[in-house]
Amino acid sequence: MGHGGRTSGLTVPSGGGQGEVVVAALVDAGVSPDSLGVVEAHGTGTGLGDPIEVEGLSRAWRRFTGRSQFCALGSVKSNIGHLEPAAGLAGLVKVLLAMEHGVVPGSLHVRRPNDHIRFEDSPFFLVDRAWVWGREGGPRRGAVSAFGMGGVNAHVIVEEPPRVERGAVPVQDSHLVRVTGADERAVRELAAAYADHLTAVPDADPGDFARTVNTGRAAQRWTTAVHGTGRAELAARLTEIADGTTQPVRSAGRHVTAFLYTGQGSQYAGMARRLLTTELHFRDALHECADLLAPHLDVPLLDLLHGDARHLLDETRYAQPAVVSVEVALTRLLAEAGVRPDTVAGHSLGELTAAWAAGVLALPDLLRLTAVRGALMQGRSTDGTMAVVHTGTATLTEALRNHPGVEIAAYNGRTHTVTGPEQDVARFCEESPYRTQRLTVSHAFHSAAMEPAVPPFAETVAGTALRAPELPFADTLTGDWHTAATATDPQRWADAIRRPVRFAQALTTLAGEGPHVVWEIGPHPQLLPMARTVLAEPHPVWVPTLHRERNDQVQLHAALAAHHRATGAELDWAALHAGKNQRTTTAPTYPFARQELTAPPARRATANAVSHPLFDHPYEHRSEAE
């Protein structure tokens, strides 16, 4: 950028000053004019300004090259008019678009070049029609000039970016699309335009489209989100927004999100396998867990989850690290997407993951403790079992009076879990007046059989750094909130192996935070059916992260869409598209709120009208008498 100095008038340019800024730009860019294909001139369109500009350009370029008429010269002003302060930006946009498409549009209305410009002696030829801009042994380069009133000169050299081959695009099972606008009308109109685009363009890549609209448009006051497996399903759900079936929400202020972490029993072979291939942040977190568990497991984590060792997931020593690792990876993925818990709780094993989420445990310690816990519990007697009983606490307690070997393992609200020796539990189920359901488990967890595991686990936890919770963390041993004292007490974590899980009481405590959304973080929803019976009012939105019978990414996107619709909270859309090699593509433009305004016809001034130059326009000032 430079200044032309003193000239004969405010609007008279300086060819010498313009030439200086051109030379400075070429030297700064480190390129020769011979490599430039286009110059976007300031182009005043006057008999005085244009010859001075071409002369300044020519003199500057002649310091580097003697070639003639090899570079295209034009100005976008002949096409769109003068945009005053934005004129230079318009020229820059023109050159960038010409680079992208390889065609320079012709400058309009050129009947005869200015007689004072000798193009045949300059490096330039006038682009008076569309001109194909090729590549001659290098990238396309161009230059843009913008000269302001009073002698301010700007010149910039631009070069197209290096061509990057698109990498492998992971197959996506689902796509998530946000629709946001200044008001409900705009959201519906934009959703309709999106649906029409996906329907009308048969080769539209839904992944590229989703990335474009999610990351390329700023969040506004009203918003919603839909998910779909392809163009047709996305279009159908966008149409539901357009016709009012799905309502947008206003972007909210503070909302409370609760995470419930599932315990053992939710595992199954192949859990979360599709997320491993479709979601970068999930994959990175799971691989980190695998590395951290390697010294503590004799079978690699990924083999347990998706490989030849999947059959070992029925064993406690393998099931517990596998479940916790999936929960950690889900939590990391949600955090990257912008969803973080404000309060947490966990059921049995899940309480250890909740402790990590609350900041009580570091990740390496969580995984080490989980592996030790699973191994200790695996080593206990295998002649026990468990069952679900559909009745309340008082009636179950009374029924157990005649079955001293059977204990309550978990208080889950309207149902309870009992535990004990195989024969005792079987007799209780036969004699119970309440509906029971036997569980397929290898041990009688939370029973007297687990007593030998308590001291060694307490000793292991004692050698672990524990911290006070960083967010509200419900204690399922007492049903109250964890404190700094309870969360850092090794004996408390060991006792949780033996003593019953007071999940219903912990949920009641958690309800005091007034959660708007309750997520179950785990391979399969086991806790949400229980939670619904406890957290009836206020009624939150229940969101399972994964489901055994559903596609992993489809379920995740359904959960994220539900969270977004329930809270209006913004997600991190760029993170959700990370690692998927999706590109920016064409998408419908935003529907501006157009309003026709018509000025009233001018009226003859009356005797009472105020005579003043400011009111000499169609909006006539009227006196009180009118």
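Model, not experiment: these values are computed from the prediction.
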Determine the interplanar angle of the H564 and W573 rings, folded into 0 to 90°, and report it as parallel if under 30°, tilted if 30 to 60°, perpendicular if over 60°.
perpendicular
Could you walk me through whether Q555 and N551 satisfy the side chain to side chain donor-acceptor pair (under 3.5 Å) test, starting with their C-alpha distance in whole Å, then the side-chain angles of each, then the deciding distance to 0.1 Å, before giving a yes or no?
CA-CA 6 Å; Q555 178 59 42; N551 178 278; over 6 Å; no
For V517 and T567, which heavy atoms make the closest approach, and how far apart are they?
CG2-CG2, 3.5 Å
With sequence neighbours left out, write down each residue that passes side-chain hydrogen bond (donor to acceptor under 3.5 Å, both in side chains) with T417, or none if nothing qualifies.
N412
Check step by step if side chain to side chain contact (heavy atoms under 4.5 Å, CB included) holds for T415 and T533.
CA-CA 10 Å; T415 65; T533 67; over 6 Å; no
Is it true that the side chains of H347 and T476 contain a donor and an acceptor less than 3.5 Å apart?
no
Residue R467 excluded, over 12 heavy atoms near CZ under 6.0 Å:
yes
Salt bridge or not for R188 and E240, using N-O below 4.0 Å?
no
Going by heavy atoms in the side chains, are T180 and W222 under 4.5 Å from each other?
no
Name all residues meeting the side chain to side chain contact (heavy atoms under 4.5 Å, CB included) criterion together with A399; count only those two or more places apart in sequence or in a different chain, and write none if there are none.
F428, Y434
Checking side chain to side chain donor-acceptor pair (under 3.5 Å) for the pair E520/T262: CA distance, chi angles, key distance, verdict?
CA-CA 7 Å; E520 179 167 356; T262 321; 2.9 Å; yes
Stepwise salt bridge (Lys or Arg N to Asp or Glu O under 4.0 Å) check, R492 with D475
CA-CA 10 Å; R492 180 254 172 251; D475 183 350; 2.5 Å; yes
Q264 side-chain N/O to Q320 backbone N/O, donor-acceptor pair under 3.5 Å:
no
Tell me if a side-chain donor or acceptor on R231 pairs with a main-chain N or O of P202 at a distance below 3.5 Å.
yes
Between D173 and R274, is the closest basic N to carboxylate O distance under 4.0 Å?
yes
Would the H227 and H175 ring centres measure less than 6.0 Å apart?
no
R221: partners by side chain to side chain contact (heavy atoms under 4.5 Å, CB included), with sequence neighbours left out:
A182, R250
Before we go on, tell me: are the rings of H197 and F209 under 6.0 Å apart, centre to centre?
yes
So, E336 and R332, do they make that salt bridge, N to O below 4.0 Å?
no
In this structure, are over 12 heavy atoms from other groups packed under 6.0 Å from R340 atom CZ?
yes
Can R368 and D365 be counted as an ion pair, charged N to O under 4.0 angstrom?
yes
Could you check whether any side-chain N or O of R178 sits under 3.5 Å from a backbone N or O of R217, counting only pairs where one atom can act as donor and the other as acceptor?
yes
For atom CZ of R435, decide whether the heavy atoms of other residues, nucleotides or ligands shown that lie under 6.0 angstrom number more than 12.
no
Any side-chain donor-acceptor pair under 3.5 Å between R502 and T478?
no
Using ring centroids (six-membered ring only for Trp), state whether H482 and W493 fall under 6.0 Å.
yes
Under 4.0 Å between a Lys/Arg side-chain N and an Asp/Glu carboxylate O for R283 and E279?
no
